[in-house]
Amino acid sequence: MRKAATIPLITILVIAALLLVLHLALPMIVRNMLNDKLADMGDYRGHVEDVDLAWWRGMYQIDGLTITKASGEVQVPFLDVPSVDLGVSWSALWHEHAIVAVVDVNQPTLNFVDAESEEQQQAGEGIDWRDTLQEMLLIRLDEVNIHDGTLHFRNFTSDPQVNLYAQQVDLTILNLTNARQTEGSRDASMRGTGQFLGHAPMELDASFDPLVRMEDFAVQFRVTGVDLTRLNDFASAYGRFDFRGGEGDLVVEAEATDSQLSGYVKPLLRNVDVFNFQQDVENEDKGVLRGLWEAVVGGGQNVLQNQQKDQFATRIELSGRLDDAQISPMQAFIAILRNAFVEAFTPRFERALEENE
């Protein structure tokens, strides 16, 4: 009898030991699997420092995710994420026989880099990120939350160097890979907020079809109250002028149906001061030609503005196919004249207002 009772006890101990070994080894197995896939991503490669599993709660965490450009000539990683939390829905696994997850991405930093040479540029091209994500996770993503993210646009080779950034980016993406969707429907949504250059509020609202590669989508984006002097590195590097003062807004509404793009980009500048004769023309560091260029920019802005509201704005129409998007300079110039002599634009979503009317 004692021998017979010992057998089930030994079996239980063996199973417990196997579960313990699996529990200890599984994080390393998952980490190695992820690193194998991240090491072969075309123009980019990635690495994961650690993986923590709590499989009984359907939770696991990825620590130290970094993605860099394979050429190695860019000074900052493309993506740096301290931690990613994934929670699996047991009810979906039981009722739908599908692994459905909610993902929380904590404090990610994304760096886009512009440069003269292609090797020093970093725009995330050269890889199908959607296919890569699905191969890595092999799960359905119903909700992805970005917490306290940072987005940079950099240029290390320009004079001066450029670093435009958005901080405190909180973004929620729903129904990213939902098998119940049909192609051509915009069932996935994305909504978020942030701070541009640490002071100007940003807002984003979008819907899209997750089953196609951005061929069907609608997006609204707005940033308001930008201190234009904080754009001087960008304006100097790309436009050869800088701002002495002023404030700006940017409103974007764009839509694509079967890859056909429509919409507009509308920048608004208020109380703009670009040119100062004593500071610019007589400034030996800038030189006479740079000062004269700023005089032309400042003079043009003064003419083509709404004098009553001291506001300069334009509306740039977006049209064409996504692989050949077009912006009409003539339409932009007409919009400038309209704002200068007829009416001032306001930072509002025009299409949304038209629908409400």
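- The backbone N or O of His147 sits nowhere less than 3.5 Å from a side-chain atom of Asn106 that would complete a donor-acceptor pair.
- Formation of a donor-acceptor pair under 3.5 Å by the Asp36 side chain with backbone atoms of Met33 is not found in this model.
- The minimum heavy-atom distance linking Gln107 with Pro82 is given by the pair O-CD, 3.2 Å.
- Checked by atom type, the side-chain pair Ser83/Asp63 shows no donor-acceptor distance below 3.5 Å.
- Interatomic distance, CG of Asn32 versus NZ of Lys37, reported as 13.0 Å (0.5 Å rounding).
- Using a 4.5 Å cut-off between side-chain heavy atoms of Ile, Leu, Val, Met, Phe, Trp and Tyr, with links allowed through other members, Val113 and Phe153 fall into different hydrophobic clusters.
- Between the side chains of Asn163 and Asp233, not a single donor N or O lies within less than 3.5 Å of an accepting N or O.
- Looking only at side-chain heavy atoms (C-beta outward), Leu38 and Leu65 come within less than 4.5 Å of each other.
- Every salt bridge (charged side-chain N to carboxylate O under 4.0 Å, His left out) that Asp249 has, sequence neighbours left out, goes to Arg270.
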Which donor-acceptor pairs under 3.5 Å do the side chains of residues 68-75 make with protein atoms, sequence neighbours left out?
| from | atom 1 | to | atom 2 | distance (Å) |
| --- | --- | --- | --- | --- |
| Lys69 | NZ | Glu118 | O | 3.0 |
| Lys69 | NZ | Gln121 | O | 2.5 |
| Ser71 | OG | Glu119 | O | 3.3 |

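- Ring to ring, Phe196 and Tyr165 are not that close: their centroids are 6.0 angstrom or more apart.
- By the salt bridge (charged side-chain N to carboxylate O under 4.0 Å, His left out) test, Asp227 is found to be paired with Arg230, residues two or more places apart in sequence or in another chain being considered.
- Rounding to the nearest 0.5 angstrom, the gap separating the CG atom in Asn111 from the CD atom in Gln122 is 6.5 Å.
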Would you check, one step at a time, whether the test side chain to side chain contact (heavy atoms under 4.5 Å, CB included) holds for Asp114 with Val162? CA-CA 9 Å; Asp114 188 24; Val162 173; over 6 Å; no
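- The two residues Ile173 and Phe208 make their nearest non-hydrogen contact at CG2-CZ, 4.1 Å.
- Nearest heavy-atom pair, Met41 versus Ile67, reported as atom, atom and distance to 0.1 Å: CE-CG2, 4.0 Å.
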Which is it for Leu110 and Phe78 under the side chain to side chain contact (heavy atoms under 4.5 Å, CB included) test, yes or no, and what are the steps along the way? CA-CA 6 Å; Leu110 184 63; Phe78 179 65; 3.6 Å; yes
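- The two atoms that bring Ala200 and Val223 nearest to each other are CB-CG2, 3.9 Å, heavy atoms only.
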Verdict with reasoning, Glu203 to Asp205, per side chain to side chain contact (heavy atoms under 4.5 Å, CB included): CA-CA 7 Å; Glu203 56 180 301; Asp205 196 352; over 6 Å; no
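- Taking hydrophobic clusters as Ile, Leu, Val, Met, Phe, Trp and Tyr residues chained together by side-chain heavy-atom distances below 4.5 Å, Val76 does not share a cluster with Val81.
- The closest side-chain heavy-atom distance from Thr172 to Arg191 is not below 4.5 Å.
- The CD atom of Gln195 lies 9.0 Å from the CE atom of Met202; values are rounded to the nearest 0.5 Å.
- Remark: side-chain polar atoms of Gln161 are paired, donor with acceptor, to backbone N or O of Phe156 under 3.5 angstrom.
- At least one side-chain heavy atom of Leu197 sits less than 4.5 Å from a side-chain heavy atom of Leu231.
- Each of Val103, Val84, Val105 was checked for a side-chain contact (heavy atoms from CB on, under 4.5 Å) with Ile62, and the lone residue meeting it is Val84.
- Considering all non-hydrogen atoms of both residues, His152 and Thr150 come closest at NE2-CG2, 3.3 Å.
- Taken to the nearest 0.5 Å, the OG1 atom of Thr109 stands 9.5 Å off from the CD atom of Gln167.
- By the neighbour-count criterion of 12 heavy atoms within 6.0 Å, atom CG of Asp170 is densely surrounded, having more than that number from other residues, nucleotides or ligands.
- Taking each heavy atom of Ala235 and Phe243 in turn, the nearest pair found is CB-CE1, 4.1 Å.
- Placement of Leu79 and Val169 in two distinct hydrophobic clusters is found when ILVMFWY residues are connected by side-chain heavy-atom separations under 4.5 Å, directly or transitively.
- For the pair Met190 and Leu171, the minimum side-chain heavy-atom distance is below 4.5 Å.
- Clustering ILVMFWY residues whenever any of their side-chain heavy atoms sit less than 4.5 angstrom apart, transitively, puts Phe221 in the very cluster that holds Phe217.
- Remark: Glu255 CD to Gln260 CD distance equals 11.0 Å, nearest 0.5 Å.
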Stepwise side chain to side chain contact (heavy atoms under 4.5 Å, CB included) check, Asp216 with Asp258: CA-CA 6 Å; Asp216 287 275; Asp258 294 330; 3.9 Å; yes
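- Here the CD atom belonging to Gln61 is positioned 10.5 Å from the CG atom belonging to Asp104, to the nearest 0.5 angstrom.
- Within the 4.5 Å cutoff, side-chain heavy atoms of Pro201 are placed close to those of Thr224.
- Between Phe234 and Asn155, the closest side-chain pair of non-hydrogen atoms is not below 4.5 Å.
- Counting only heavy atoms from C-beta outward, the side chains of Val226 and Leu250 never approach each other to under 4.5 Å.
- Residues Asp148 and Gln168 are in side-chain contact: their nearest non-hydrogen atoms beyond the backbone lie under 4.5 Å apart.
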